[in-house]
Amino acid sequence: SGAILPVGQSGDQRFEFGNIEAMAISEDGKYVFVLDRLNSRVAAFSHSGAFIGSAGRPGRGPGEFQYASAVVSRDSIAMVVDAATGRMSSWVVRGNSLEMKAEVSGTAFLETRAACSLGGSLILLRWSAGKILHQVTTDGVVEKSFGLAFTRDAHPMMGAATTFGYVACDRRQRRVYVAATDVPVVRRYRENGALVWETSIPNMHPPVISAVGAGIRYSPPEGRVYPQLVASLFTLGDSLVVVQFGDSSREIAQASEITQVTTLVLSSSNGRVLWQGNTLPKLDGAHGDRVFAHPSDPFPKVKVFEWRRQ
C-alpha cells in the first residue's frame with residue numbers, strides 16, 4: 001500500500017541525508033538506523049519516525065568514518081562497519097541521543113561490502129581467502145568463512161570484482177541470503193555455511209566482466225547502452241525473499257542509487273520465483289508488516305510502507 005511514514009526533508013539537518021548507503025531495523029522494530037555515507041554519519045529514528053540522534057563525521061579517528069559501508073542493528077545498538085579503516089563502531093540509543101559504546105579494529109572488517117546479524121555474530125560480505133561470506137564476532141574474530149565466488153574465472157581479481165552486493169540474515173530461521181550487484185544470482189546458505197539453493201534472476205542484463213591484464217573491464221551487455229544491477233535484497237516474513245534489479249546509467253554510479261526497479265519475490269524454501277513485476281518502488285528491508293525504502297527524488301529520504309498479503 002502507499003507510504004505511511006516519510007522520514008527526511010530538505011533544510012532540516014536532522015532529516016537531511018546526502019547518500020543513504022544502508023538501513024537497519026532493530027529486532028523489536030523500535031528503531032530505524034540510517035547510514036549516510038556522503039555525510040559520514042549514522043542517524044537513529046523511532047518506529048514512528050521521530051528523530052533520536054545522529055553520530056559520526058568524516059575522518060579516520062575514533063567515532064569517525066572514512067567509508068561507512070554497512071550498518072547492523074541489535075536491539076538499541078547500531079554497529080557501523082568502515083570498509084576503509086577496518087573498524088566497527090557500536091552506537092547505543094540513550095534517551096534522546098546516540099552515543100558511542102565501543103569501537104574495534106580488525107582485518108575482518110576491511111573492504112566489507114554489506115553485513116547482517118545472525119545470533120551473536122555478524123555475517124560480512126567481502127572477498128577473502130577465496131570466500132565471499134564470513135561469520136565474525138563483534139570483537140572482529142572470524143569464526144568461519146563460506147560461499148564460493150560468483151564467477152568461475154580464476155583471475156585473482158575476479159572474485160573481489162563480483163563481491164559487491166547484498167547479504168540478508170533471517171535471524172529466526174538461521175538462514176543467510178546473498179546476491180552480487182553484477183551477477184544475476186541469489187543464493188541461500190544454512191548457518192553452517194552449506195549452500196541450500198541458487199536461483200538465477202530472469203530477464204536481468206548484467207555487465208560483462210572480463211579480466212584484462214592485471215585489471216578488470218566492465219562492459220554493457222550486447223544490445224544495451226548500460227547494464228542492469230541488483231539493487232536490493234531482503235527477507236519478508238519467514239517464507240519470502242525479495243530481490244530487485246534496475247537499469248544503471250551515466251548518472252547512476254552505484255546500485256544503491258537505482259530507483260526504477262523490477263521486483264522478484266522468491267520462496268525462501270527453494271528459491272522459486274513466486275512473483276515478478278515493476279510496480280513497486282525500490283525497497284530496502286522489512287519488519288513485521290512494514291517495508292522500508294529510501295527514494296532519492298527529489299532528495300534522499302526514508303519511506304515506510306505497509307505490507308499486506310493478498
J.: Testing T262, T263, V265 one by one against L280 for a side chain to side chain contact (heavy atoms under 4.5 Å, CB included), which residue passes?
T.: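 Passing option: T263.
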J.: Answer yes or no: is there a donor N or O on one side and an acceptor on the other, between the side chain of S89 and the main chain of E103, under 3.5 Å?
T.: no
J.: Is the side chain of Q228 donor-acceptor paired with the backbone N or O of H205 at a distance under 3.5 Å, no angle test?
T.: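 Yes: the side chain of Q228 pairs with the backbone of H205.
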J.: Among pairs that include at least one residue of residues 32-72, which meet disulfide bond (SG atoms under 2.5 Å apart), considering only residues two or more places apart or in two chains?
T.: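 Found none.
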J.: Can you name the residues that form a side chain to side chain donor-acceptor pair (under 3.5 Å) with R94, not counting sequence neighbours?
T.: E99
J.: NZ of K131: more than 12 outside heavy atoms within 6.0 angstrom?
T.: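 More than 12 heavy atoms, drawn from other residues, nucleotides or ligands, come within 6.0 Å of this atom.
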J.: Return the CE to CZ distance between M23 and F234, rounded to the nearest 0.5 Å.
T.: 9.5 Å
J.: Go through Y177 and L266 one step at a time and tell me if the side chain to side chain contact (heavy atoms under 4.5 Å, CB included) criterion holds.
T.: CA-CA 11 Å; Y177 303 89; L266 312 178; over 6 Å; no
J.: Could you check whether E143 and S121, counting side-chain N and O atoms only, form a donor-acceptor pair closer than 3.5 Å?
T.: yes
J.: Kindly compute the distance separating NE2 (H287) from NE2 (H47), expressed to the nearest 0.5 Å.
T.: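 One gets 11.0 Å once the value is rounded to the nearest 0.5 Å.
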J.: Is it the case that over 12 heavy atoms from other parts of the model lie below 6.0 angstrom from the CD atom of Q173?
T.: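 Atom CD in Q173 is crowded, with more than 12 foreign heavy atoms closer than 6.0 Å.
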J.: Please check: side-chain N/O of S26 versus main-chain N/O of Y31, any donor-acceptor pairing under 3.5 Å?
T.: yes
J.: If you look at every heavy atom in R74 and S117, which pair is closest and at what distance?
T.: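 For R74 versus S117, the nearest heavy atoms are NH2-OG, 3.4 Å.
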J.: Give the C-alpha distance, both sets of side-chain angles, the deciding distance and a yes or no for side chain to side chain contact (heavy atoms under 4.5 Å, CB included) between L195 and F146.
T.: CA-CA 9 Å; L195 178 65; F146 58 97; over 6 Å; no
J.: Could you tell me whether a side-chain N or O of W197 sits under 3.5 Å from a main-chain N or O of V186, the two making a donor and an acceptor?
T.: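 No: the side chain of W197 does not pair with the backbone of V186.
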J.: So, do D82 and Y67 sit near enough that their side-chain heavy atoms are less than 4.5 Å apart?
T.: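 Yes; the side chains approach each other to less than 4.5 Å.
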J.: What is the minimum heavy-atom distance between A286 and L236, and which atoms define it?
T.: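 The pair with the smallest heavy-atom distance is CB-CD1, 3.5 Å.
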J.: Specify whether F65 and W91 have parallel, tilted or perpendicular ring planes, treating 30° as the upper limit for parallel and 60° as the lower limit for perpendicular.
T.: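 F65 and W91: perpendicular rings.
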J.: Show me, pair by pair, the donor-acceptor contacts under 3.5 angstrom made by side chains of residues 52-63, not counting sequence neighbours?
T.:
| residue | atom | partner | partner atom | Å |
| --- | --- | --- | --- | --- |
| S54 | OG | R41 | NH1 | 3.4 |
| R57 | NE | E64 | OE2 | 2.9 |
| R57 | NH2 | E64 | OE2 | 3.3 |

J.: Suppose the criterion is disulfide bond (SG atoms under 2.5 Å apart): which pairs have a residue in residues 30-88, not counting sequence neighbours?
T.: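 Residue pairs with at least one partner in residues 30-88: there are none.
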J.: For residues 171-248, pull every pair meeting disulfide bond (SG atoms under 2.5 Å apart), keeping only residues two or more places apart or in separate chains.
T.: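 Disulfide bond (SG atoms under 2.5 Å apart) check on residues 171-248 returns no pairs.
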J.: Suppose the criterion is salt bridge (Lys or Arg N to Asp or Glu O under 4.0 Å): which pairs have a residue in residues 193-203, not counting sequence neighbours?
T.: R187-E198
J.: Work out which heavy atom in D170 is nearest to a heavy atom in L118; give both atom names and the distance.
T.: O-CD1, 3.7 Å
J.: Compare every heavy atom of F305 with every heavy atom of P281, then report the nearest pair and how far apart it is.
T.: CG-CZ, 3.9 Å
J.: Is it true that atom CD of Q66 has more than 12 heavy atoms of other residues, nucleotides or ligands lying nearer than 6.0 Å?
T.: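 Yes, enclosed.
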J.: Could I get the full list of side-chain contact (heavy atoms from CB on, under 4.5 Å) partners for P220, not counting sequence neighbours?
T.: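 Per chain and number, P220 pairs via side-chain contact (heavy atoms from CB on, under 4.5 Å) with P227.
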J.: Between the main-chain N or O of L283 and the side-chain N or O of S232, is there a donor-acceptor pair closer than 3.5 Å?
T.: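 Yes; at least one donor-acceptor contact below 3.5 Å.
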J.: Listing request: all salt bridge (Lys or Arg N to Asp or Glu O under 4.0 Å) pairs with a residue in residues 212-235, at least two apart in sequence or in separate chains.
T.: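 Listed by first then second residue: R224-D247.
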J.: For residues 213-242, which residue pairs pass the disulfide bond (SG atoms under 2.5 Å apart) check, not counting sequence neighbours?
T.: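 The answer is none; no pair qualifies.
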J.: Using modelled atom types and a 3.5 Å cut-off, is there a donor and acceptor pairing between side-chain atoms of D75 and backbone atoms of I77?
T.: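 Side chain of D75 to backbone of I77: no pair is present.
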J.: Mind checking what makes salt bridge (charged side-chain N to carboxylate O under 4.0 Å, His left out) contact with R126, not counting sequence neighbours?
T.: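 By the salt bridge (charged side-chain N to carboxylate O under 4.0 Å, His left out) rule, R126 matches no residue at all.
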J.: Rounded to the nearest 0.5 Å, how far apart are OG of S145 and NE2 of H134?
T.: 4.5 Å
J.: Taking atom NZ of K144 as the centre, does the number of heavy atoms from other residues, nucleotides or ligands within less than 6.0 Å exceed 12?
T.: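 Result for NZ/K144: enclosed.
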J.: Hey, could you give me the OG/CZ distance between S69 and R37, rounded to the nearest 0.5 Å?
T.: 10.0 Å
J.: In sequence, state the C-alpha distance, the side-chain angles, and the governing distance for F164 and L125, and then conclude on side chain to side chain contact (heavy atoms under 4.5 Å, CB included).
T.: CA-CA 8 Å; F164 292 91; L125 175 62; over 6 Å; no
J.: At what distance, to the nearest 0.5 angstrom, does CZ of F33 lie from CZ of F45?
T.: 11.0 Å
J.: I'd like to check the side chain to side chain donor-acceptor pair (under 3.5 Å) partners of D182; sequence neighbours left out, ordered by chain and number.
T.: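 Once residues adjacent in sequence are excluded, D182 has no partner under the side chain to side chain donor-acceptor pair (under 3.5 Å) criterion.
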J.: Measure the NZ-CD distance between K282 and Q244 for me, rounded to the nearest 0.5 Å.
T.: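 Those atoms lie 7.0 Å apart.
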J.: Can you name the nearest heavy-atom pair linking L233 to A179, along with the distance?
T.: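 Taking L233 first and A179 second, the nearest heavy atoms are CD2-N, 3.7 Å.
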J.: With no hydrogens and no angle check, do the side chains of D139 and T137 hold a donor and an acceptor under 3.5 Å apart?
T.: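 The answer is no; no qualifying pair exists.
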J.: With sequence neighbours excluded, what pairs up with N96 under the side chain to side chain donor-acceptor pair (under 3.5 Å) test?
T.: none
